[in-house]
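Structure first, commentary second.
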Amino acid sequence: MPKNLVIVESPAKAKTIEKFLGKDYQVMSSFGHIRDLAEKGIGIDFENNYEPQYVVSSDKKKLVSELKKVSKDAETVWLASDEDREGEAIAWHLYEELKLKKDTTRRIVFHEITKEAILHAIETPRDIDINLVDAQQARRVLDRIVGFELSPILWRKVRPSLSAGRVQSVAVRLIVEREREINQFVAEASYRVSAIFNSVDNNGKPIELKAELPQRFPTKAEAMAFLELCNGAQFNIDSIITKPAKKSPAPPFTTSTLQQEAARKLGYSVSQTMQIAQRLYEAGKITYMRTDSVNLSDLALGTSKAEIISMAGQKYVHTRKFNTKTKGAQEAHEAIRPTYMNAHTVEGTAQEKRLYELIWKRTIASQMSDAELEKTSIYITVSGSKYQFIATGEVIVFDGFLKVYMESSDDEQDTVDESLLPAMKNGEELYPMEIVAQERFSQKPPRYTEASLVRKLEELGIGRPSTYAPTISTIQNRLYVEKGDRQPDKRDFNVLKLKGGKITDQIKAENTGAEKSKLFPTDIGMVVTDFLTEYFPEILNYNFTADVEKEFDSIADGDIKWRVAIDKFYKKFHPIVEDTMKNSERQVGERILGVDPKSGRQLSVKIGKYGPLAQIGTVEEEEKPVFASLRRDQSIESITLEEALELFKLPRQVGEYEDKVMTVAIGRFGPYIRHDNTFYSLPKTDDPMDITAERAIEIIEEKREVEKNRIIQTLGDNSEIQVLNGRFGPYFTCDKVNYKIPKGTDPTTLTFEKCQELIAAQPEAANKKKSFGRKAAAAKTDKKTSAKGKTSTKSKAKK
DNA sequence: CAGTGAGCGAGCTTCCGCTTGACTT
């Protein structure tokens with residue numbers, strides 16, 4: 001029996017540390033927090049000075065009893081959870097729950113997993129910092145109060161099962177406000193002038209020089225006047241200015257910057273990045289992936305340096321220590337980096353390889369020299385005016401850290417512009433080949449991506465590395481926010497061109513505003529945000545977290561007691577909760593758009609039981625209102641009267657077929673034709689508004705044809721098995737379960753016996769049982785996080 | 001799987017932050 005028990009948070013860490021310590025040490029993991037506020041109810045005793053009601057989490061019961069057993073037999077228990085607020089609390093919860101004794105318990109911390117660091121930690125133990133623990137308790141209790149008092153208001157006033165919280169509600173607000181900025185944005189046009197000049201170089205070779213006018217013209221008339229001035233003007237080089245410039249590498253990855261880079265360069269979603277990183281971490285390839293620190297251990301600095309020297313030489317080395325600037329960073333870990341800097345790549349899936357290489361390059365580059373550049377600007381005068389064209393070029397004199405990026409990545413064009421300017425001299429005359437004044441528009445603010453939202457949250461100090469990905473999932477699961485694309489709009493722009501002494505005036509078209517995989521607020525998201533912002537402006541304020549963090553710091557410093565801080569907050573907050581519950585209206589986000597010209601009745605939009613709807617008339621009137629659902633791409637916020645009126649043109653009768661009426665409408669699953677009580681989905685290419693009877697018949701016949709060919713054969717005495725043609729090719733079905741047919745098998749030759757074999761070979765039935773069991777277990781413990789909820793729906797979809 | 005837009009109102013939902021698993025034959 002080992003004399004010492006060391007408890008860390010992560011099992012991967014436990015495994016590594018065990019190797020460093022001798023036989024006298026057993027290292028176990030707590031798997032994060034071991035207990036939390038009671039699940040049922042609010043879990044705080046308000047009558048008893050906010051006493052938290054802690055309960056061992058159901059999935060930790062076994063682990064805790066095991067830890068208890070081992071700790072009893074150990075001479076010394078070393079609590080080695082992370083050195084941050086949560087880590088300190090984990091140590092304290094372990095101390096309390098395992099009923100440890102003060103004189104046989106030590107609290108130790110280390111920031112890097114090396115033998116030296118751990119031995120040093122063992123030599124310098126300390127006590128549990130109860131003030132830091134109290135700061136965590138305050139954080140925990142505040143979040144519970146906010147979440148569990150706000151959410152029920154939403155259930156009553158907006159819709160059941162909704163949620164609100166210190167982090168998620170602000171995340172949604174960011175997206176809602178950005179959307180409104182975009183809706184209110186008015187593009188401003190101006191004219192940008194560029195020119196292509198001809199000249200000859202020293203060897204008499206013709207060359208081209210592109211230059212731009214630094215100022216823009218606000219109107220067409222001014223742009224035109226300038227081109228007229230250029231027509232017949234003389235162009236001379238006034239001066240050539242060459243300036244050295246430097247580019248420095250970015251710091252190594254934190255959770256947030258890794259998520260951003262992986263999204264930009266590899267196209268991974270935030271949760272995908274974390275899953276891949278988790279696997280790399282468990283395999284021992286990278287350091288811990290949930291961190292807010294840009295710090296590298298001395299070991300990493302040393303091995304990076306050695307690696308750079310052997311790869312590129314001494315002059316590429318520039319050892320740097322980066323400082324974390326992020327608000328509220330707690331720096332319990334290192335930056336995310338390869339465990340072994342000499343491993344340029346790893347074994348694993350393609351995704352793991354790509355993410356690893358990204359981490360490797362970023363880490364190595366952060367320890368390399370600045371790139372040295374030379375920026376050249378050539379100023380060109382226009383005779384008879386004060387205007388000057390400027391041609392710019394950039395040459396890399398020394399590539400430095402860019403070497404790492406340039407060697408193996410080709411998706412980095414935006415960072416390096418190698419355009420070389422021709423050799424020229426002052427006073428030289430240039431001849432314009434063409435001068436173009438092009439109308440340009442100011443850009444709408446971009447919608448957030450998952451990763452850019454994480455960056456914004458981090459900037460505001462809201463959320464932690466371990467919660468960025470779950471938060472992004474939560475706001476999507478609650479349907480406050482949707483990831484989606486926006487089709488581009490066509491826009492005309494004006495081009496004035498001076499060429500060969502003539503000015504032409506053209507209109508050209510461009511696509512603008514296309515967006516992919518961006519976050520859009522839903523109507524519910526907007527209604528909830530407006531409601532919360534009106535009644536709880538303090539909580540929804542972007543600085544709320546930063547303000548309470550200051551409170552928590554005071555608690556950690558021992559300046560105030562956590563219960564006093566919470567009491568101050570609760571006394572202010574709770575009355576507003578009561579008042580809002582009692583006095584606020586039900587929120588349906590109603591907007592009155594105007595009057596239906598046909599009936600003269602009011603036309604409005606609001607959130608109905610099944611989603612957003614448009615309504616002609618009101619319930620007060622004698623005649624019942626007429627309803628129509630909004631389309632998926634429309635929102636209550638931005639729909640116009642005209643667009644809403646369009647909705648009432650459906651359902652529409654398009655004609656008759658086989659003496660039965662054909663009706664076109666839009667249903668839950670998109671546009672459809674209804675004929676003889678059968679539904680026929682419309683292909684995306686057909687517009688339900690202008691579909692003809694002929695086309696409708698065509699669609700009906702097509703589907704009938706498919707149906708006719710659906711059944712390939714029926715097997716078994718009671719036709720238990722049907723071989724069918726499906727969307728993805730032939731398959732067969734038995735007892736409502738679908739089975740694949742192996743590649744290369746002709747479905748017409750299948751026999752009953754062969755199918756039975758295939759059923760036995762595909763453990764579909766076993767899987768089914770398993771997932772049912774899992775679901776039942778999930779229902780019993782009834783406290784699944786959003787991430788788990790997602791996996792259970794996934795497994796359901798798989799069957 | 002396909003068109004709804006109401007209330008005799010059961011009993012349920014929910015937060016943020018740590019960390020990974022997933023019963024038996």
Side-chain angles (χ1 to χ4, degrees), chain A residues 8-14 29-37 39-44 57 59-60 62-63 81-82 84-90 93 136 139-156 159-169 278 281-282 288 290 330 332 462-468 470-471 474 478 545 588 606-615 619 624-629 650-651 663 665-674 677-681 766 769-771 773-774 776-778 782-783 785-788 791-792 795:
Chain A
V8 296
E9 291 184 37
S10 148
K13 208 167 164 179
S29 158
S30 75
F31 293 80
H33 275 292
I34 52 153
R35 59 178 200 181
D36 189 14
L37 296 177
E39 282 285 334
K40 248 192 137 164
I42 195 136
I44 299 162
S57 320
D59 52 340
K60 297 285 169 61
K62 226 175 106 184
L63 172 73
S81 45
D82 299 344
D84 58 12
R85 202 162 60 203
E86 297 298 325
E88 204 66 20
I90 289 174
H93 281 300
Q136 193 273 349
R139 200 280 304 156
R140 182 68 192 92
V141 167
L142 178 99
D143 281 338
R144 174 54 72 88
I145 291 175
V146 170
F148 275 37
E149 295 215 345
L150 286 187
S151 299
I153 304 179
L154 297 181
W155 304 343
R156 174 89 68 87
R159 178 184 283 187
S161 304
L162 293 178
S163 64
R166 173 175 59 83
V167 172
Q168 59 168 283
S169 296
Q278 174 89 30
Y281 168 66
E282 284 171 10
Y288 196 57
R290 291 188 275 264
Q330 307 198 7
I462 299 171
R464 303 278 312 130
S466 68
T467 59
Y468 294 136
T471 300
T474 299
R478 298 266 175 276
T545 291
V588 293
K606 67 173 187 186
I607 294 176
K609 197 178 164 188
Y610 308 104
L613 61 84
Q615 168 179 354
V619 279
K624 273 198 168 175
V626 188
F627 299 96
S629 288
L650 293 175
T663 315
I666 295 180
R668 276 214 296 156
F669 311 102
Y672 64 92
I673 303 164
R674 189 177 186 157
N677 274 329
T678 311
F679 295 86
Y680 303 87
S681 287
K769 226 179 227 167
K770 213 173 192 173
S771 66
R774 208 178 291 165
D782 90 314
K783 45 131 237 161
T785 66
S786 57
K788 284 177 188 170
T791 50
S792 82
S795 67

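The sequence lines fix the lettering, A, B, ..., with proteins before strands; numbering per chain opens at 1. As a basis for the values below, the full set of heavy atoms in this structure was taken, side chains included, without hydrogen atoms, waters or symmetry mates.
Looking at which nucleotide of DNA chain B each of A/Ile607 and A/Ile145 is closest to, the 5′-most match is held by A/Ile607. Mapping A/Glu282 and A/Ser161 onto DNA chain B by nearest heavy atom places A/Ser161 at the nucleotide closer to the 5' end.
At the phosphate of B/dG17, OP1 or OP2 sits under 4.0 Å from a side-chain N or O atom of A/Thr467. Close to B/dG5, at under 4.0 Å from its OP1 or OP2, lies no side-chain N or O of A/Gln615. Contact check, A/Tyr680 against B/dA2: no side-chain N or O comes under 4.0 Å of OP1 or OP2. At B/dC18, one or more side-chain N or O atoms of A/Ser466 fall inside 4.0 Å of OP1 or OP2 (strictly under the cut-off). Contact between the side-chain N/O atoms of A/Arg478 and the OP1/OP2 oxygens of B/dC15 is found at a separation under 4.0 Å. Side-chain N/O atoms of A/Arg166 include one lying less than 4.0 angstrom from OP1 or OP2 on B/dG17. Contact annotation: A/Gln168 reaches the phosphate of B/dC16 (side-chain N/O to OP1 or OP2, under 4.0 Å).
Side chain of A/Ser151, nearest nucleotide from B/dG17, B/dA6, B/dC15: B/dC15. Set against B/dG17, B/dT19, B/dA6, the side chain of A/Tyr610 has B/dA6 as its closest nucleotide. Ranking B/dT19, B/dC18, B/dA2 by closeness to the A/Ile90 side chain, first place goes to B/dC18. The side chain of A/Arg139 lies closest to B/dG17, out of B/dT20, B/dG17, B/dT14.
Using a 4.0 Å heavy-atom cutoff across all strands shown, A/Ser30 reaches no nucleic acid atom at all. In this structure, A/Ala665 reaches neither bases nor backbone, as no heavy-atom distance under 4.0 Å exists between it and the strands shown. When heavy atoms are screened at a 4.0 angstrom cut-off, A/Ser163 is found touching the sugar-phosphate backbone but no base atom. Residue A/Pro11 is classed as a sugar-phosphate contact, given heavy-atom separations below 4.0 Å to backbone atoms only. In this structure, A/Ser681 reaches the bases: a heavy-atom distance under 4.0 Å links it to at least one base atom across the strands shown. Counting non-hydrogen atoms under 4.0 angstrom, A/Gly32 reaches a base of the nucleic acid. No contact: A/Tyr468 has no heavy atom under 4.0 Å from any strand. The residue A/Arg85 sits apart from the nucleic acid: no heavy atom pair falls under 4.0 Å. Residue A/Gly43 is out of contact with every strand shown, counting any heavy-atom pair closer than 4.0 Å. Nucleic acid contact class of A/Ser10 (heavy atoms, under 4.0 Å, all strands): sugar-phosphate only. Within the nucleic acid shown, A/Gly87 has no heavy atom closer than 4.0 Å to any nucleic acid atom. A/Gln278 comes within contact range of the sugar-phosphate backbone alone, with a heavy-atom separation under 4.0 Å but no base atom that close. The residue A/Val167 sits close only to the backbone: its heavy atoms come under 4.0 Å of sugar-phosphate atoms, none of a base.
If you check distances only, the side chain of A/Arg140 does reach the base of B/dC15 with a donor-acceptor pair under 3.5 Å. Contact annotation: side chain of A/Arg464 to base of B/dC18, donor-acceptor pair absent below 3.5 Å.
Stacking between A/Phe31 and B/dC18 is absent: the ring centroid is not both under 5.5 Å from the six-membered base ring centre and under 30° in plane angle. Stacking between A/Phe148 and the base of B/dT14 is present: ring centres sit under 5.5 Å apart and the planes differ by under 30 degrees.
Spacing between atom CZ of A/Arg35 and atom C1' of B/dC16 amounts to 17 Å, rounded to whole angstrom units. One can place CG of A/Asp143 at 11 Å from P of B/dC18, the figure rounded to the nearest angstrom. The CD1-C1' distance, from A/Ile34 to B/dG17, rounds to 15 Å in whole Å. Rounded to an integer number of Å, the gap from CG of A/Leu613 to C1' of B/dA6 is 13 Å. Following rounding to the nearest Å, A/Arg290 (CZ) and B/dC18 (C1') show an atom-to-atom distance of 8 Å. If you measure from atom CG of A/Leu37 to atom P of B/dC16, you get 13 Å, rounded to the nearest angstrom. Per the geometry, NZ belonging to A/Lys624 stands 7 Å off P belonging to B/dG5, to the nearest Å. One atom, CG of A/Asp59, and another, P of B/dG21, lie 12 Å apart when rounded to the nearest Å.
In this structure, A/Arg159 and A/Arg478 have side chains that are not in contact, with every pair of non-hydrogen atoms separated by 4.5 Å or more. In this structure the side chain of A/Gln615 never reaches within 4.5 angstrom of the side chain of A/Val626, judged on heavy atoms. Using a 4.5 Å heavy-atom cutoff, the side chains of A/Gln136 and A/Glu88 are not in contact.
Residues A/Ser163 and A/Leu154 share a closest heavy-atom pair of O-CD1, 3.6 Å.
Here A/Asp82 does not pair with A/Arg290 in a salt bridge; the nearest charged N to carboxylate O distance is not below 4.0 Å.
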